[in-house]
Amino acid sequence: MSQTVQRNRLDRAVGPDDHTLGPDNAPITLVEYGSYACPSCRAANERVAEARDEFGQRLRYVFRHRPLRNNDLARRAAELVEMAPDDDSFWRAHVTLMTRSDVLTEQDIIAVAQDLGVDVSEPETLDPARARVEADERSAAASGVLITPTFFINRRRYDGAWDESSFSDAMRGTLGHRVRSAAVDFASWGPSAGILLLLATVLAIVLTNSVWATSFEAFWHQHLGFTLGPLSFDMSLRHWVNDGLLTVFFLVVGLEIKREFTVGQLSDVKAAALPIAAAIGGMAVPALLYMLVLPTGPWAHGWGIPMATDTAFAIALIVMMGSRVPVELRIFLTAAAIVDDIGAIIVVAIFYSSAIQWMYLLGAVGVLIALAALSYSRVYRLAPYLLLGIVLWAFVHAGGLHATLAGVLLALFIPTRPPANLNALTAQFSSIVAEEARHGSEVLHHGPSLPAIRAIDAIYDRIQSPADRLLRHAGAESSYIILPLFALANAGVPLSLGVIENHEPLMLAIIVGLVIGKPFGLLLASLLAVACKLAIKPAAYSWRQLAGAGAMAGIGFTMSLFIAGQSFPQASDFAAAKIAVFVASIASAVIGVALLWGARAPVVADQAERIDDENAAVSSASAA
């Protein structure tokens, strides 16, 4: 699924223009973006002083300006210290502004100006200082700084607590901190989910074609379950992955679909029209081509296989191409994949389920009514929804529908809510912390009081809606645990000509559907939607780039393998379908990269006008 990649690296290294304390060759460099009018910066200043005492010559401290927005006093203070004649004067003024009073005042500015002996009205000293502050602000924006203070330790943003232990662990680079940092870096890298999925796939294929093949397959056939009196339930490990863990993946898909249709790219009808039309065409045409190749026979039921798009692989490739692919095209493909997921869910629920058991489905309806009652009553605790979700899963599974449908249905009822009043919550949190600070010795011995902890938990719980909180936690597990496990359990296929033998028509139908049907259907539907004025194509990408995205959509993989497993109970048929999905996905990736690599974004009107002006200027200069 889509991921938001945040910048967490320092945009530029520490240079001679920076204000530093400590040796240049110190192994630890601590960079702070702060403001003299920021209360948190003043509190953090004491922690920085403690760190400098603790690490001594091993630490180099750098201060860069990021004045509070819409605060004239903060900006004037930053410009004032930049008028200092030397570094010693700068640091003396810096400490004064941070410590002279509890809150930055006009008197602090006057006192520091007098101490520096500068005239703040002189343009020859004010202009360079202002330029220096503005340069630091640009650096802060490029480094992903959102709040003050923000710290960077050896060029990596530090997002942990400021207490002595956490701060020191980060600067020492302890093993625990390095492991956490590496995990965060990997998760924030756009292609990471696709890379992990690819590694799991390669491992499954290698093990299936090794001397451990029999043991590897036998492992997935082991049964796991429970017995409670006369009741018992068990499934093979592969079924637990496909019917159990994959339900969490579908829960995440459902939450993302809900978010996209409420506050995301699909919430605006005009913005959503193009990816919706493209996704419908990208599902219908592959299915039709499959049915043209295999109109009848034992494999005709597999027409849903080429309908699906694997978002993780497609987005990973697009991210790896960087600026060659416009952000708007990435958004288009992600939105189309969301709609594609909806289609895949409907297809699985209706066409790839076993015999219906209506009594169990009536029980599922009862659970849905209970979930609706919880949501209507504005119950914002997650536990009741998750408990009912487990019961819903059991009823759906026993009722003959595919159990993963329970994840999507559960997502529809997990509530969102209006954004929290952050000003009120911040004021409440500050008052709690201030009150606890007045009992410093008691806190040191016994920790914060129980009412304070409960109040802070309530504030934290109010900041995010249950849906957003679950998506934040379950999204990572879905991308980095569940999907790789699914690939490991299902992607293994023996690489031999015997698998292909007598399965050529089946493989051809899948490959034609994904490699030809996906891009053709996506592009044709987009052209028709634009021609009929139902949608507008953004000027940021060309039709060739849209065709490249259509080719990328032919990477079926996860959902294609899932539907293939439901379509073909025979191991030989499933193996041939897997090879066809692999071949089609690789071919689609190669074609998509080829189309996007050399494509150029169209020149929009204002760019064309600017280029014409530049060409005219060049021609005039040449004539002169």
Practice problem: Show your working on side-chain contact (heavy atoms from CB on, under 4.5 Å) between Glu217 and Thr208 and close with a plain yes or no. | Solution: CA-CA 8 Å; Glu217 184 62 22; Thr208 304; 5.9 Å; no

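- With Met507 as the partner, the side chain to side chain contact (heavy atoms under 4.5 Å, CB included) test is satisfied by one option alone out of Val512, Val581, Val583, Ile500: Ile500.
- Closest heavy-atom contact between Leu514 and Ala308: CD2-O, 4.0 Å.
- In this structure, Lys518 contributes its side chain and Met307 its backbone to a donor-acceptor pair below 3.5 Å.
- In this structure, the side chains of Trp220 and Asn490 stay at 4.5 Å or more apart for every pair of heavy atoms.
- The line from CG of Leu596 to CG of Leu329 is 6.5 Å long, rounded to the nearest 0.5 Å.
- Ring geometry for Trp393 versus Trp240: interplanar angle under 30°, hence parallel rather than tilted (30 to 60°).
- A cation-pi arrangement is not found for Lys578 relative to Phe582, the charged atom failing to lie both closer than 6.0 Å to the ring centre and inside a 45° cone about the ring normal.
- Ser567 contributes no side-chain N or O that, together with a main-chain N or O of Gly302, makes up a donor-acceptor pair within less than 3.5 Å.
- To the nearest 0.5 Å, atoms CZ (Phe216) and NE2 (His221) are separated by 10.5 Å.
- Annotation: Phe520, atom CZ; neighbour count of heavy atoms from other residues, nucleotides and ligands within 6.0 Å does not exceed 12.
- Val252 pairs in a side chain to side chain contact (heavy atoms under 4.5 Å, CB included) with only one of the listed residues (Leu471, Thr247, Leu483), which is Leu471.
- With Asp340 contributing its side chain and Gly282 its backbone, the two residues share no donor-acceptor pair below 3.5 Å.
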Practice problem: Go through the steps to decide whether Arg9 and Arg156 satisfy the test side-chain contact (heavy atoms from CB on, under 4.5 Å), and finish with yes or no. | Solution: CA-CA 5 Å; Arg9 295 284 180 178; Arg156 189 184 188 283; 3.6 Å; yes

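- Ring geometry for Phe562 versus Phe250: interplanar angle of 30 to 60°, hence tilted.
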Exercise. Test side-chain contact (heavy atoms from CB on, under 4.5 Å) on Val391 and Leu387 and set out the steps.
Key: CA-CA 7 Å; Val391 179; Leu387 289 173; over 6 Å; no

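- Among all heavy-atom pairs drawn from Pro306 and Pro286, the shortest one is O-CB, 3.4 Å.
- The backbone N or O of Trp212 sits less than 3.5 Å from a side-chain atom of Ser210, completing a donor-acceptor pair.
- Using a distance-only test at 3.5 Å, with no hydrogens or angles considered, a donor-acceptor pair links the side chain of Ser560 to the main chain of Ile305.
- Taking the side chain as every heavy atom from C-beta outward, Pro275 and Val339 never approach each other to under 4.5 Å.
- Side-chain contact between Gln566 and His301 is absent, with no heavy atoms from C-beta onward closer than 4.5 Å.
- Residue Phe413 is tested with Leu371, Leu374, Val367 for a side chain to side chain contact (heavy atoms under 4.5 Å, CB included); the sole match is Leu371.
- With values rounded to the nearest 0.5 angstrom, Ile482 atom CD1 is found 9.0 Å from Leu251 atom CG.
- The CD1 atom of Ile414 lies 5.0 Å from the CG atom of Leu470; values are rounded to the nearest 0.5 Å.
- Considering only heavy atoms from C-beta on, Asn242 comes within 4.5 Å of Phe486 through its side chain.
- Of all non-hydrogen atoms in Ala587 and Val515, the two that sit nearest each other are CB-CG2, 4.0 Å.
- With hydrogens and angles ignored, the 3.5 Å screen pairs a side-chain donor or acceptor of His503 with a backbone N or O of Glu501.
- His239 NE2: 12 or fewer foreign heavy atoms inside a 6.0 Å radius.
- Residues Arg469 and Leu382 meet the side-chain proximity criterion, which asks for heavy atoms closer than 4.5 Å.
- Here CG of Leu488 is found 8.5 Å from OG1 of Thr201. Values are rounded to the nearest 0.5 Å.
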Exercise. Any chance you could lay out the side-chain contact (heavy atoms from CB on, under 4.5 Å) test for Trp303 and Leu294, step after step, and finish with the verdict?
Key: CA-CA 9 Å; Trp303 54 266; Leu294 291 174; over 6 Å; no

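- In this structure a side-chain-to-backbone donor-acceptor pair under 3.5 Å is present from Glu504 to Asn502.
- With hydrogens and angles ignored, the 3.5 Å screen pairs no side-chain donor or acceptor of Tyr290 with any backbone N or O of Gly517.
- Within the 3.5 Å criterion, the main-chain N or O of Ala489 finds a donor-acceptor partner in the side chain of Arg238.
- Heavy-atom minimum distance, Ile511 versus Ala580: CG1-O, 3.7 Å.
- The distance from the CD1 atom of Ile390 to the CZ atom of Phe395 is 13.5 Å, given to the nearest 0.5 Å.
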